[in-house]
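The structure appears right after this line, and notes come after that.
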Amino acid sequence: MLHLHDTATGRREPLELREPGTVTMYVCGLTVYDVPHVGHGRAALAFDVLRRYLEFTGLRVDHVSNVTDIDDKIIDRAAAEGRSEQEVATEYEEVWWQAVDALGVRRPTEVPHATGYVGKMVALVSELVERGAAYETDDGVYLSVDGVDGYGLLAHQSLDSLRAGARVEVGEQKRSPLDFALWKKAKPGEPTWPSPWGPGRPGWHTECVVMSLELLGDGFDLHGGGIDLAFPHHENERAQALCWGRDFARHWMHHGMVTVEAEKMSKSLGNFTTLTELLERTEGRAYRLLVLRAHYRSPIEVTPATLADAVEGLARLDALARRFDLDPSLSELDLAQAREAGVDGGALDAFVERMDDDLDTPEAVAGIFELVRGANSAADAGRTEEARGTAVSVAVLAGALGLRLVGGGPELDEHTAVMVRQRDEARAERDWARADRIREQLEAEGWGVEDTPGGTKLHRRSG
RNA sequence: GGCGGCGUGGCCGAGUGGUUUAGGCAGGGGCCUGCAAAGCCCCGUACGGCGGUUCGAUUCCGCCCGCCGCCUCCA
């Protein structure tokens, strides 16, 4: 059984499900006001790895991830560019899904948009006001944090120490600096929805609590996001659920941040690197491998050097797939199918043990690379059958982590195919000078060239 | 100031109270190869500093230094 580090308890906990066989998880998606950065990519990968592993072990996963399509930043951008909020949101959401696809991330089973749930949000805020948990001010409706049982659970801080660190804005009518907006009354020119408190729009924390409970129901299994969301975002979602009298998430999972040159990636720091840019230069699988080689809760460095490192590691896996001509469909097998197909049980068990231990992908990846060496060694020693079996387990396990291995030769255009033929002729005639000349030209055109018993084989060198 | 976390060999990055090593990348040597590529074998003896506990600590405890995240929007 999978154990995960739970942010609420600070300990590794078994993932006990509300309903055996099905995992219900809500992952905070993003606000679509700009192109995504590499940190968003890691977030998508972190939960994709979780989901794939759960599905690999035979569970069904209801994976809900929202898109926040109304927000200050979207409004600002729309105003600055003279277009509608919806145009801005639609444009960047599209960019996002392109990046998600390029990373090989399975799309969520459901993608609620905040603007589609405003009515339900208004209902929640009304209820919270009625219950006396929330109050109205000149600029909105706020939740009173003081009465909330266990507020600070996810921050691991007491109400007092949180209050001590809170920054207070001038002119606020909040009863406590920690109170947060459930509803924001509209300023001129902003998009609005009607409410008992006049036209306005929902607060961010209200969006997620409404959508998660609406789509997954009380006591859903897992709520996740980046560690920077634990407080105040998730804390405040939980606070609302509590005041609302609903059972909220059973488990909390948060992944670590991406840093660039040891600083958190962020626009304000100016070290912003877009995911789109990364995916233009490097294939998504390499970024996935980079992410997998660190634990999901550790910070990772994304730099040209760490990416290049991952590219080389990936090349080693692909070389194995070429050597054994591994079928791409192997990476789609789940655990039961793999056992049925006769994949080495020891390798599968070791993988499951590592992954069950808080998704220990670094160890799992290390294990896969050990299998790579094992397969190559066995093949070198002429133990063909053993080698093939080990190579197959590499493909299956890498696939379980979302890494599809690229084996079989690519489609060659006529020009390239002719060169390959000419090189094989030259080699057959032992005309090494000519063979080498052709090889150099192929390499200059971005091909990796390998001589095999079957003649010249090409593969794309990615970088 | 409060809370959480980190500091491992050239780089990335796991892990562990002591016996034989994570893994990858880069580098050196060798084998294979017409030469390469791919692959295999061998090589680095690392755990921020100072104390403490211990027969023994990189691993536990304390302090210090440095770094990161959160306490404000943020994956």
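Here is the naming used below: chain letters follow the sequence lines, and residue numbers restart at 1 for every chain. Every value quoted in this text rests on a predicted model; they were computed, and no experiment measured them.
Heavy atoms of A:Gly225 sit under 4.0 angstrom from primed sugar atoms or phosphate atoms, though from no base atom. At the heavy-atom level, A:Thr452 lies nowhere under 4.0 Å from the strands shown. At the heavy-atom level, A:Arg423 lies under 4.0 Å from base atoms of the strands shown. Contacts of A:Glu370 with the nucleic acid, taken as non-hydrogen atoms under 4.0 Å apart, involve only primed sugar atoms and P, OP1 or OP2. Nucleic acid contact for A:Gly29: sugar-phosphate only, since backbone atoms but no base atoms lie under 4.0 Å from a heavy atom of the residue. Residue contacts for A:Lys73: at a heavy-atom cut-off of 4.0 Å it reaches a base atom on one of the strands shown. Residue contacts for A:Arg42: at a heavy-atom cut-off of 4.0 Å it reaches no nucleic acid atom on any strand shown.
Each of B:C41, B:C25, B:C71 was ranked by its minimum atom distance to the side chain of A:Glu312; first place goes to B:C25. Among the nucleotides B:G69, B:A36, B:A22, the one closest to the side chain of A:Asp451 is B:A36. You'll find that the side chain of A:Gln157 is closest to B:C70, out of B:A14, B:G39, B:C70. With B:A14, B:A75, B:G23 as the choices, the nucleotide that has an atom nearest any side-chain atom of A:Arg373 turns out to be B:G23. Comparing atom distances between the A:Phe231 side chain and each of B:C70, B:A14, B:A38 picks out B:C70 as nearest. Comparing B:A75, B:G23, B:G39 by their nearest atom to the side chain of A:Ala319 picks out B:G39. Of the listed nucleotides (B:A75, B:C25, B:A22), B:A22 has the atom at the smallest distance from the side chain of A:Ala366. Set against B:G23, B:A75, B:C40, the side chain of A:His255 has B:A75 as its closest nucleotide. With B:G39, B:C35, B:C12 as the candidates, the nucleotide lying closest to the side chain of A:Asp436 is B:C35. Distances were taken from every side-chain heavy atom of A:Ile227 (C-beta onward) to each of B:A38, B:G69, B:A36; the shortest belongs to B:G69.
Residue A:Ala155 is the one, among A:Ala155 and A:Ala433, whose nearest nucleotide of RNA chain B lies closer to the 5' end (criterion: closest heavy atom). Taking for each of A:Val372 and A:Pro362 the nucleotide of RNA chain B with the nearest heavy atom, the 5'-most of the two is the partner of A:Pro362.
For the P atoms, the distance from B:A38 to B:G24 is 15 Å, rounded to whole Å. B:A75 and B:C25 have their P atoms separated by 34 Å, given to the nearest Å. Between B:G17 and B:C40, the distance separating the two P atoms is 31 Å to the nearest Å. Taking atom C1' on both B:G48 and B:C6, the two are 11 Å apart, rounded to the nearest angstrom. Straight-line distance between the C1' atoms of B:C50 and B:U45: roughly 24 Å, to the nearest whole Å. Rounded to whole Å, the separation between the C1' atoms of B:A14 and B:U53 comes to 27 Å. As rounded to the nearest Å, B:C3 and B:U59 have C1' atoms that lie 25 Å from one another. The separation of B:A46 from B:A26, taken at their P atoms, amounts to 24 Å, rounded to a whole angstrom.
When both distances must be under 3.5 Å, the Watson-Crick or G-U wobble mate of B:C32 does not exist. The base-pairing partner of B:U53, taking Watson-Crick or G-U wobble contacts with both distances under 3.5 Å, does not exist among the strands shown. Remark: B:U58 base-pairs with no nucleotide; criterion is Watson-Crick or G-U wobble with both hydrogen-bond distances under 3.5 Å. When Watson-Crick and G-U wobble pairs are counted only if both distances are under 3.5 Å, B:G7 pairs with B:C65. Nucleotide B:G1 has B:C71 as its partner under the Watson-Crick or G-U criteria, with both atom distances under 3.5 Å. Base pairing annotation: B:A22 forms no Watson-Crick or G-U wobble pair, as no partner gives both donor-acceptor distances under 3.5 Å. Pairing partner, B:G27: B:C43, with both Watson-Crick or wobble hydrogen-bond distances short of 3.5 Å.
For the pair A:Glu235 CD and B:G4 C1', the interatomic distance rounds to 13 Å; values are reported in whole Å. As a whole-Å value, the separation of A:Asp325 CG from B:A38 P is 19 Å. Atom P of nucleotide B:U72 and atom CG of A:Asp72 are separated by 16 Å, given to the nearest angstrom. Protein atom NE2 of A:His223 is 12 Å distant from nucleotide atom P of B:A75, rounded to whole Å. In this structure, the CD1 atom of A:Ile300 is 8 Å from the P atom of B:G13, given to the nearest Å. A straight line from CD of A:Glu445 to P of B:A37 spans 20 Å, rounded to a whole angstrom. Atom P of nucleotide B:G4 and atom CE of A:Met257 are separated by 18 Å, given to the nearest angstrom. In this structure, A:Glu363 atom CD and B:U21 atom C1' are separated by 13 Å, rounded to whole Å.
Dashed line: the shortest gap from a side-chain N or O of A:Arg316 to OP1 or OP2 of B:C40 is under 4.0 Å. Distances shorter than 4.0 Å separate none of the side-chain N or O atoms of A:Ser377 from OP1 or OP2 on B:G39.
Using modelled atom types and a 3.5 Å distance limit, the side chains of A:Glu93 and A:His113 yield a donor-acceptor pair. Between A:Asp69 and A:Gln86, the side chains place no donor N or O within less than 3.5 Å of an acceptor N or O (distance only, hydrogens not considered).
Remark: the backbone N or O of A:Ser144 is not paired with any side-chain donor or acceptor of A:Arg175 at under 3.5 angstrom. Between the A:Lys174 side chain and the A:Asp179 main chain, a donor and an acceptor come within less than 3.5 Å of each other. Of the possible donor and acceptor atoms, none in the side chain of A:Asp431 sits under 3.5 Å from a partner among the backbone N and O of A:Ala426. Side chain of A:Thr282 to main chain of A:Leu279: no donor-acceptor pair is present (N/O by atom type, distance under 3.5 Å, no hydrogens or angles).
Residues A:Leu359 and A:Leu2 have side chains in contact (heavy-atom distance under 4.5 Å, counting atoms from C-beta outward). Using a 4.5 Å heavy-atom cutoff, the side chains of A:His254 and A:Arg297 are not in contact. Contact annotation: the side chain of A:Gln441 approaches that of A:Met419 to within less than 4.5 Å [non-hydrogen atoms, C-beta and beyond].
In the interface, the side chain of A:His254 is not paired with the base of B:A75 through any donor and acceptor atom under 3.5 Å apart. A:Asp309 contributes a side-chain N or O that forms a donor-acceptor pair with the base of B:G24 under 3.5 Å. Within 3.5 Å, a donor on the side chain of A:Arg439 pairs with an acceptor on the base of B:A36, or the reverse.
Considering every non-hydrogen atom in both A:Glu110 and A:Pro112, the closest pair reads O-CD, 3.5 Å.
The aromatic ring of A:Phe369 is not stacked on the base of B:G23, since the criterion of ring centres less than 5.5 Å apart with planes inclined by under 30° is not met.
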